[in-house]
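Lettering of chains follows the sequences in order, A, B, ..., and the numbering in each one begins at 1.
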Amino acid sequence: MIDLRLVRSDPEAVRAALARRGDEALLDPVIALDQERRALQARVDELRAERNRASEAIGELKRAAKDDPAKAAEADAASAAMRELKDGLDGLEASLKDLDERLTDALLVVPNLPHPDIPLGASEEDAREVKRVGEPPAFAFEPRDHLELAGPGIDMERGARTSGSRFGYLTGDVARLWWAISRMALATLEEAGFTPVAPPVMVREEAMYQTGFFPTDRQSVYQLADDDLYLVGTSEVPLAALHAGEILAEADLPLRYAGLSSCFRREAGAAGKDTRGIFRLHQFEKVEMFAFTRPEDSWDEHERLLALEESIAQTLGLAYRVVDIAAGDLGASAARKYDIEVWLPGQGRYRELTSCSNCTDYQARRLEARYRPESGGPQPVHTLNGTAVTSSRTVIAVLEQHQREDGSVAVPQPLLNYGAPAVIGPAA
RNA sequence: GGAGAGGUGGCCGAGUGGUUGAAGGCGGCGGUCUCGAAAACCGUUAUUGGGGGUUUUCCUCAAUCGAGGGUUCGAAUCCCUCCCUCUCCGCCA
């Protein structure tokens with residue numbers, strides 16, 4: 001969540017920042033409720049102080065009553081007097097709790113403040129192209145899409161029979177290809193100082209709030225019917241929650257994790273969109289990067305995550321471009337997000353392959369993930385996340401960009417060390 | 001799933017409903033001593049919110065002993081619900 005102190009000290013700056021993403025109206029209830037709450041807090045604190053003083057006095061009277069029975073009556077009288085104050089206090093405390101909850105609710109729906117340099121606009125098309133790397137392959141033949149190239153290696157019919165639409169099986173060489181891709185990515189990240197993690201993929205509601213997916217994106221998350229658990233759409237959730245409520249040592253930062261997990265997405269708002277193949281699935285696997293940094297280091301770290309994503313894309317021999325996502329198209333937690341869009345010959349255009357976000361202190365504040373700076377009290381760390389590879393889009397990109405006229409795929413050399421077949425398809 | 005035992009500060013650990021935000025110990029930090037270090041000794045050592053100020057080090061009030069309710073003038077302590085940990089049995093990868 002955003003910093004309430006900043007809202008108080010410079011509400012106009014916060015409003016202007018939110019206006020860039022079209023969310024400035026969300027600020028008004030926060031300001032109003034905060035003022036109301038502070039006023040009430042002061043009154044409640046006063047009454048509590050009075051109660052504490054009186055209770056202490058009663059305690060002393062009761063002790064004195066052992067020697068002097070007259071003190072007992074005095075204590076009873078004081079108790080009776082305090083009962084009235086208590087009734088009033090109980091009511092005010094209930095109001096304070098209610099106000100607190102309403103303020104928290106109002107605050108939870110306010111998204112992060114976008115970085116000043118990012119493009120304006122609300123849609124995918126408003127993203128700014130940062131650069132293009134590699135030439136989209138020019139085929140002397142009509143390129144096939146990943147489903148044609150994979151043949152029986154991607155089985156959507158049986159996936160649908162087992163689980164429904166947007167589910168598929170990766171089998172044989174395509175499964176080998178994916179596992180090789182994921183192992184290559186994990187090795188790359190481990191080399192770059194990331195700790196590998198096999199995280200839980202079922203989490204409590206609290207973790208969803210802490211990472212900023214709830215309450216805003218609730219409709220895109222699977223909920224288990226008989227247990228208060230949710231299936232994560234990304235291992236960002238359990239990786240972020242790894243240090244929830246902790247005060248980290250400054251010397252330990254940055255902390256970098258690479259998680260490999262299944263990801264589950266309801267794709268509620270995507271009916272009829274990207275229905276062919278494994279581009280948009282309810283379940284896929286992903287290697288995810290996650291970093292906790294000092295506030296002053298997070299923008300460098302953001303560039304570092306992007307560079308790692310690019311390095312992996314380059315290892316896979318992919319042509320891609322990098323875009324800077326528009327303010328209005330950001331997720332709630334992100335202050336800035338880069339996407340790598342990969343050229344897909346089957347679709348004849350660039351499509352999102354990976355993305356990396358700097359969530360600054362927004363997620364950390366919800367997580368209560370802090371660190372202790374050299375001077376001063378604990379303050380929120382910054383958190384960042386980025387996709388390394390996925391079993392859906394990375395697999396598609398490799399198949400489609402490295403296809404040959406006979407319908408086979410020449411698997412990139414670096415993957416062969418990780419168990420990928422050299423060729424997939426008819427020639428294999 | 002069944003039965004039982006527990007959750008107190010960075011860690012260990014005490015705590016008859018009334019100066020207990022919390023003894024004691026360990027660890028950390030500062031100091032004395034020392035050429036230096038160790039030892040010893042002295043001091044210090046949580047977080048959050050509100051208010052004030054000589055507005056980065058300060059004062060003050062409030063809250064916090066797994067979480068949330070309740071009883072009470074007053075709860076770490078009593079009651080209820082939930083969460084988690086441990087032990088035994090059952091089951092299982």
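- The side chain of A:Arg370 contributes no N or O atom lying less than 4.0 Å from OP1 or OP2 of B:rU47.
- With a 6.0 Å cutoff to the six-membered ring centre and a 45° limit on the axis angle, A:Arg393 counts as a cation-pi contact of A:Phe279.
- Computed from coordinates, the A:Leu96 CG to B:rG49 C1' distance equals 10 Å when rounded to whole Å.
- Distance noted for atom C1' between B:rG25 and B:rA14: 11 Å (whole Å).
- Summarising the base pairing, B:rU77 is matched to no nucleotide, lacking a Watson-Crick or G-U wobble pair whose two defining distances lie under 3.5 Å.
- Side-chain N/O atoms of A:Lys62 include none lying less than 4.0 angstrom from OP1 or OP2 on B:rG74.
- Electrostatic pairing of A:Asp105 and A:Arg102 does not count as a salt bridge here, judged by no charged N lying under 4.0 Å from a carboxylate O.
- For the OP1/OP2 pair of B:rG50 and a distance below 4.0 Å, the side-chain nitrogens and oxygens of A:Arg5 include at least one atom meeting the criterion.
- Both A:Glu60 and A:Val44 sit near RNA chain B, but only A:Glu60 has its closest nucleotide nearer the 5' end.
- One can place CG of A:Leu89 at 14 Å from P of B:rU72, the figure rounded to the nearest angstrom.
- Not one side-chain nitrogen or oxygen of A:Asn52 sits closer than 4.0 Å to the OP1 or OP2 atom of B:rC73.
- Side-chain N/O atoms of A:Arg38 include none lying less than 4.0 angstrom from OP1 or OP2 on B:rG50.
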Applying ring-ring contact (aromatic ring centres under 6.0 Å, His included), run through A:Phe214 and A:Tyr230 and close with a yes or a no. CA-CA 11 Å; A:Phe214 282 10; A:Tyr230 298 81; 5.1 Å; yes
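- Nucleotides B:rA75 and B:rU16, compared at atom C1', are 14 Å apart to the nearest Å.
- In summary, A:Asp228 and A:Arg204 do not engage in a salt bridge, as defined by a charged side-chain N under 4.0 Å from a carboxylate O.
- With sequence neighbours left out, A:Tyr257 forms a side-chain hydrogen bond (donor to acceptor under 3.5 Å, both in side chains) with A:His243.
- If A:Arg83 and A:Ala42 are placed on RNA chain B by their nearest nucleotide, the residue sitting closer to the 5' end is A:Ala42.
- Here, B:rG9 and B:rA76 have their C1' atoms 13 Å apart, quoted to the whole Å.
- If you check every strand for non-hydrogen atoms under 4.0 Å, A:Arg37 touches sugar and phosphate atoms only.
- Contact annotation: A:Arg51 reaches the phosphate of B:rA63 (side-chain N/O to OP1 or OP2, under 4.0 Å).
- Counting non-hydrogen atoms under 4.0 angstrom, A:Arg372 reaches the backbone sugars and phosphates but no base.
- Within 4.0 Å of A:Ala78, counting heavy atoms only, lies no atom of the nucleic acid at all.
- Counting any heavy atom pair closer than 4.0 Å across all strands shown, A:Arg8 reaches sugar-phosphate atoms only and no base atom.
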